[in-house]
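Before any comments, here is the structure.
All of these numbers come straight from a predicted model, not from anything done at the bench. Proteins come first, then strands; the chains are lettered A, B, ... in the order of their sequence lines, and each starts at number 1.
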Amino acid sequence: MSDAITGPQDGSALLPEADELYHPHSWWTRYVFSQDAKVIAIQYSGTALAIGFVALILSWLIRLQLGFPGLAAFIGPAEYYQLITMHGMIMVVYLLTAVFLGGFGNYLIPLMLGARDMVFPYLNMLSYWIYLLAVLVLVVSFFAPGGPTGAGWTLYPPQAILAGTPGQEWGIVLMLISLILFIAGFTMGGVNYIVTVLQARAPGMTLMRMPLTIWGIFTATILALLAFPALFVGAVMMLLDRLLGTSFFMPAILEAGQRLRYGGGSPILFQHLFWFFGHPEVYIVALPAFGIVSDLISTHARKNIFGYRMMVWAIVAIGALSFVVWAHHMYVSGMNPYFGFFFATTTLIIAIPTAIKVYNWVLTLWRGDIHLTVPMLFAIAFIVTFLNGGLTGLFLGNVVVDVPLSDTMFVVAHFHMVMGVAPILVIFGGIYHWYPKVTGRMLDARLGQVHFWITFIGAYAIFFPMHYLGLLGVPRRYYETAGLGFVPPSAQSLNAFISLVAFVVGAAQVVFLFNILRSLKHGAPAGGNPWHATTLEWQTPETPPPHGNWGPTLPVVYRWPYDYSVPGAPEDFLPQNQPDPAHAGAVP
Amino acid sequence: MAHTAAGDGTAFRAPPSTLPPTRWHRLSAEWAGDRQVFDGASWRKAMIWVFLLSDTFVFGCFLIGYMTVRMSTSVPWPKTSEVFALEIAGKPWPLLLIAIMTFVLISSSGTMAIAVAFGYRRRRRTTAFLMGLTALLGATFVGMQAFEWTKLILEGVRPWGNPWGAEQFGSAFFMITGFHGTHVTIGVIALLVIIRKVWRGDFDTGRRGFFTSRPGGYENVEIMGLYWHFVDLVWVFIFALFYLW
């Protein structure tokens, strides 16, 4: 395999394009309208975390209503629907997708691959500003007449655009425009991430020497570029239905005895378009988390990742499978039953590559030199949480089991575990891990421990009982369950317990915010490589890395990213750019 | 950071390939190699292919959506051969206008391809002339589309209804041809921008772009061409699935 490496070995002969680094001329072009991927990454993460805190407050209000119905007089049924809709949409699209791809992607792809920047810095800058515009349009919808849309985060028509759904006047229109903007901005970033991975790696950096973080982000970006078009088209069509009175998604409808002008459209078409985006979206969020967790575990257990090649192929297989499972979200939508058979089969097949990944993480930990640092705690918590969420996925993937569980709190618990809590634990772990590289200072570990334990135990205390509520038959998206004969009164006390925990967990995030802000000035100096990690971003000549990342010459890569505890090596890690063939790892 | 070999695109090419000659060995060596997977492909060319793949999914979803509502609607679909007929000398000519539009757009792909060839020979003025011809044909296409829209609107076709049948006919027609026409219009604008650069000799002198501050090359003509051919190819599918079906 090594004879296939044809590039120059000293790193001095750069591709001519590498000379074409944009050089900022002023404070504005350096820090605000910056074309440097690292600055763009911080802008993306900051914006996403800010809007994420809004979503957190929305979730508090949801829990306030569910746990203590009627206590907050300003939450009526309409407001409740607006809360759950905006909470879901912000968390899935504007926080998780943006942080993993715009934040971690922008920061780590060039640094981990030994590139000076993304390949199209100008386009990359535009990507962020259009994302910011999308976020602002979303925020504006809170203040529009009628408020934000309350159609549920899936925005199913016909109800999404009919009178009676809150936000029907402006909320839904602004929501759809915001999504269209988000997709346009993401596409600009996405082509950058893909071409940078494919065409701009350092000498010696083969695809099979890329850290799993990059494999995860790269595959997720491909998914996003192929899945977002479906949401884009769905949003355009619904916008036309709402504004021009077309009937793409609208069948003939009677409303208060009046026949509406709509007729002949297909509501299920929207569900297909939405979930053709929506299911890959789960993996757009999960695959970067898989990758980051692999790197965190290997680094903090001082052990090479178990089964690197299988980990790569599992990511690719999950990515491919994620495009043929979408209709498992539609078992109760009235499809041909044979479709359910097909989609249940493909859904359950995904368990194989994901199980490979979970086994390999555990086998990486097995007899490793485990350091229970804050990033490692979050990584281990991710494995547990993801495994839990995955196992309930086996229930929901089967048609016969799914039908009684559909639209119950069981589903809410499942997807919060698997694509809510689990990826967010990885975001936290990633921030604790890479913050020293971004700022040159460590985050406070004691505050980190407090943040971790409250968040982790709290997340379980919130979502584990929710499974039970779902099995009891408590429906999701209900403003209140009082008076429903099939819900036992004890469900209400459980709901109150969940809400109390949710308030504590939400408040604990202030500790995290405080830690980030305080450590900027007062954190312990980190040095270039505080975790003794092997990957290239820790080998930059300066920390934080300056514009252009690498100084005069690009790094040259000699080994895979997981040479930890190599027998006979002077230290327990061999950086990827260390040219010592005698201690090369077992895998090229 | 001096930019030396401007113009012919060599500055944006990797070092000469040392990959094995046979296709399969080459494929495997490229994907197993370092630095870049597509040996010799510039960043911008790789980018346009990735973008076009994504855009393919956009048009694919539009067309699938159109076919779905065509099946879901309970009202008969208007007869496209009658709707899209031009009356000349008292006789209806089915699909005449659309045949001319298709002919014009396909021809513009031809002139674009020749422009790319002349670009790589560094024939500045011929390249600019042929690209100008392409832009003119593209603008003609958009103009005829505007004529077609006007004609249908005057006959009473609206996005929310029409005199002949299923209202989804007008919805899908305006949405899909509108989205495609937007692509053609953006293409014409991009052509004009690149024509200006070719005519002024930017790709020979290595003059830097206003926004990106990067020098271009005659490869930009080819990248423009890839987009243009894509928009043409999409039209073939719209023509077949909307007008002929």
Side-chain angles (χ1 to χ4, degrees), chain A residues 1 4-8 13 15-17 19-23 119-123 187 190-192 194-196 198-209 225-230 232-234 236-237 240 244-249 251-252 261 263-266 268-269 272-273 276 557, chain B residues 1-3 5 10-15 17-19 28-29 31-39 41-44 46-47 50-51 53-62 64-65 68-69 71-75 158-161 166-168 170-172 174-175 179 209 211-215:
Chain A
M1 190 71 72
I5 297 166
T6 53
L15 284 180
E17 275 177 320
D19 285 337
E20 299 301 332
L21 199 61
Y22 175 81
H23 288 282
V119 288
F120 306 108
Y122 181 77
L123 211 53
T187 305
V191 293
N192 254 310
I194 288 185
V195 177
T196 307
L198 288 179
Q199 297 294 91
R201 282 166 281 134
M205 179 63 88
T206 62
L207 289 176
M208 279 300 183
R209 283 178 176 175
L225 281 180
L226 303 183
F228 273 122
F232 175 84
V233 169
V236 168
M237 284 176 162
L240 293 176
L244 284 185
T246 60
S247 299
F248 288 112
F249 302 135
R261 58 187 174 169
S266 169
I268 209 168
L269 168 63
H272 279 295
L273 287 172
F276 186 80
V557 175
Chain B
M1 303 293 169
H3 186 73
T10 49
F12 294 91
R13 218 54 68 73
S17 174
T18 51
L19 291 176
S28 130
W31 284 87
D34 63 346
R35 312 194 90 179
Q36 46 183 351
V37 166
F38 302 108
D39 192 57
S42 68
W43 292 347
R44 51 190 78 176
M47 184 273 274
V50 175
F51 169 73
L53 184 65
S54 186
D55 214 13
T56 305
F57 272 63
V58 172
F59 278 108
C61 289
F62 270 126
I64 289 169
T68 311
V69 292
M71 283 191 291
S72 78
T73 183
S74 51
V75 185
R158 299 285 183 274
W160 54 87
E167 60 174 287
Q168 279 76 16
S171 331
F174 288 117
M175 180 179 72
F179 201 71
F211 289 113
T212 61
S213 74
R214 280 183 176 175

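Remark: B:M47 CE to A:I194 CD1 distance equals 12.0 Å, nearest 0.5 Å. The distance from atom NE2 of A:H272 to atom OG1 of B:T68, rounded to the nearest 0.5 Å, is 8.0 Å. A distance of 4.0 Å separates CZ in A:F232 from CZ in B:F179, rounded to the nearest 0.5 Å. The CZ atom of B:R44 lies 12.0 Å from the CG atom of A:L123; values are rounded to the nearest 0.5 Å. Rounding to the nearest 0.5 angstrom, the gap separating the CZ atom in B:R35 from the CE atom in A:M205 is 12.0 Å.
Minimum heavy-atom separation, A:A200 to B:W43: CB-CZ2, 3.8 Å. The two residues A:P121 and B:R214 make their nearest non-hydrogen contact at CD-NH2, 3.3 Å. Shortest non-hydrogen contact noted between A:G245 and B:W160 is O-CB, 3.2 Å. Taking each heavy atom of A:V233 and B:C61 in turn, the nearest pair found is CG2-CB, 3.6 Å. The nearest pair of heavy atoms linking A:T206 to B:A32 is CG2-O, 3.2 Å.
Residue contact with chain B, scored on non-hydrogen atoms closer than 4.5 Å, involves the side chain of A:L273 exclusively. Residue B:A166 does not touch chain A at all, counting heavy-atom pairs closer than 4.5 Å. For A:F276, the part sitting under 4.5 Å from any heavy atom of chain B is the side chain, from C-beta outward, and nothing else. For a residue to count as touching a neighbouring chain, one of its non-hydrogen atoms must lie under 4.5 Å from one of that chain's; by this rule A:A202 touches chain B with the backbone only.
Although no hydrogens or angles enter the test, the distance criterion places no donor-acceptor pair under 3.5 Å between the side chain of B:E167 and the main chain of A:T246. With B:T212 contributing its side chain and A:Y122 its backbone, the two residues share no donor-acceptor pair below 3.5 Å. Distance alone, capped at 3.5 Å, is enough to place a donor-acceptor pair between the A:Q199 side chain and the B:V37 backbone.
Looking at heavy atoms from C-beta onward, A:S247 lies out of side-chain contact with B:S171 at the 4.5 angstrom threshold. Put simply, the side chain of B:V50 reaches to within 4.5 Å of the side chain of A:L225, judged on heavy atoms. The shortest side-chain heavy-atom distance between B:F174 and A:L240 does not fall under the 4.5 Å cut-off.
Of the residues considered (A:T196, A:V236, A:L244, A:L226), A:L226 shows the highest number of contacts with chain B, using heavy-atom pairs under 4.5 Å. Chain A forms more heavy-atom pairs under 4.5 Å with one residue of B:M175, B:R158, B:M71 than with any other, namely B:M175. Counting heavy-atom pairs closer than 4.5 Å to chain B, the top residue among A:L198, A:V191, A:N192 is A:L198.
Taking the side chain to side chain contact (heavy atoms under 4.5 Å, CB included) definition, one finds that A:R261 meets it with nothing, sequence neighbours left out. Under the side chain to side chain contact (heavy atoms under 4.5 Å, CB included) criterion, B:S72 pairs with A:S266, B:V69, sequence neighbours left out.
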